[in-house]
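Encoded as C-alpha cells, the structure appears first; notes follow it.
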Amino acid sequence: MKIKSGKFGSGAIDPHWQLNDGTGDRAFIQHIDFGEDLSEVPTIVLAFTYLECDFKPVRVAVEPKNVNIQSFDVEIRTWSDSHVSSCGGFWTAYAS
C-alpha cells in the first residue's frame, strides 16, 4: 500500500479566496501534487484542523475533486450567507 499525506488550506489573504464575502455558492480550489505518481487512483481522506468563520450558521464543506495518480484538487466551499475567513486541514491519499 502506498500512502501520501500533507496539509491543505488558505484564507482571506489569498486573492482567489472568495468565501468571506457575498452570498450564495462560493468555492476555493487548491491543487495538490503527490510528488510522484501513485500506482492507481487513490482514495482521499480530508480532515479539518482549523476553521475561522462568522457566528451565523457555519456552512463549510471540503471535498476532493479531479483525483488521479498524480494529483487532486481540494474544494473548500460555503453557501448561503456564511462567511469563512480561513479553513485548512490534513489530507491522506492511499492506494494499493
Side-chain angles (χ1 to χ4, degrees):
M1 179 177 284
K2 187 74 168 186
I3 299 173
K4 297 280 193 170
S5 63
K7 296 178 182 179
F8 71 89
S10 193
I13 60 170
D14 186 311
H16 297 102
W17 187 266
Q18 298 178 0
L19 307 182
N20 59 327
D21 291 316
T23 60
D25 294 342
R26 289 155 284 139
F28 175 82
I29 304 293
Q30 182 175 9
H31 186 73
I32 306 289
D33 285 312
F34 296 129
E36 65 181 74
D37 291 357
L38 298 174
S39 58
E40 64 184 51
V41 176
T43 298
I44 306 293
V45 178
L46 303 173
F48 287 111
T49 56
Y50 67 90
L51 175 62
E52 182 182 3
C53 58
D54 58 17
F55 290 103
K56 295 179 183 176
V58 176
R59 298 176 188 98
V60 65
V62 294
E63 185 177 354
K65 301 278 190 163
N66 306 313
V67 180
N68 60 62
I69 63 170
Q70 300 168 333
S71 63
F72 73 100
D73 296 328
V74 176
E75 179 186 73
I76 304 170
R77 65 183 172 85
T78 191
W79 55 96
S80 190
D81 60 351
S82 291
H83 291 165
V84 179
S85 298
S86 64
C87 178
F90 287 99
W91 60 267
T92 302
Y94 62 94
S96 300

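These numbers come from the heavy atoms of this one structure, side chains and all, not from hydrogens, waters or symmetry mates.
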When rounded to the nearest 0.5 angstrom, what is the spacing between [atom1] in [X] and [atom2] in [Y]?
| X | Y | atom1 | atom2 | answer |
| --- | --- | --- | --- | --- |
| His16 | Ile29 | NE2 | CD1 | 12.0 Å |
| Phe90 | Lys7 | CZ | NZ | 5.0 Å |
| Cys53 | His83 | SG | NE2 | 11.0 Å |
| Ser5 | Ile44 | OG | CD1 | 11.0 Å |

Got a list of side-chain donor-acceptor pairs under 3.5 Å for residues 64-72, not counting sequence neighbours?
unit_1	atom_1	unit_2	atom_2	d
Asn66	ND2	Asp73	OD2	2.7
Asn68	OD1	Gln70	N	2.7
Asn68	OD1	Ser71	N	2.9

Side chain to side chain donor-acceptor pair (under 3.5 Å) contacts touching residues 41-53 (sequence neighbours left out):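 Qualifying pairs, neighbours excluded: Glu52-Ser86.
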
Of all pairs that satisfy side chain to side chain donor-acceptor pair (under 3.5 Å), the ones with a partner from residues 17-29, not counting sequence neighbours: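 Counting only pairs at least two positions apart or across chains, no side chain to side chain donor-acceptor pair (under 3.5 Å) contact touches residues 17-29.
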
Test salt bridge (Lys or Arg N to Asp or Glu O under 4.0 Å) applied to Lys2 - qualifying residues, sequence neighbours left out: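 Here the qualifying residues are Glu36.
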
Heavy-atom check, side chain of Ser96 versus side chain of Glu40, under 4.5 Å: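 In contact.
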
Side-chain heavy-atom pair Leu51, Val58 within 4.5 angstrom cut-off: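 Sidechains of Val58 and Leu51: in contact.
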
Minimal non-hydrogen separation, Ala27 against Leu19, with atom names: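 For Ala27 and Leu19, the tightest heavy-atom pair comes out as N-CD2, 3.6 Å.
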
For the student: nearest non-hydrogen atoms of Lys4 and Phe34, plus distance: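 Smallest heavy-atom distance, with atoms named: NZ-O, 3.4 Å.
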
In one Ile/Leu/Val/Met/Phe/Trp/Tyr side-chain cluster, 4.5 Å: Leu46, Trp79: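 Leu46 and Trp79: separate clusters.
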
Any donor-acceptor pair under 3.5 Å from Ser82 side chain to Pro57 backbone: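 Confirmed, Ser82 side chain pairs with Pro57 backbone.
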
Glu75 side-chain N/O to Phe28 backbone N/O, donor-acceptor pair under 3.5 Å: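 A pair under 3.5 Å: no.
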
Val45: hydrophobic cluster co-members (side-chain, 4.5 Å):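 In the cluster with Val45 are Met1, Ile3, Tyr94.
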
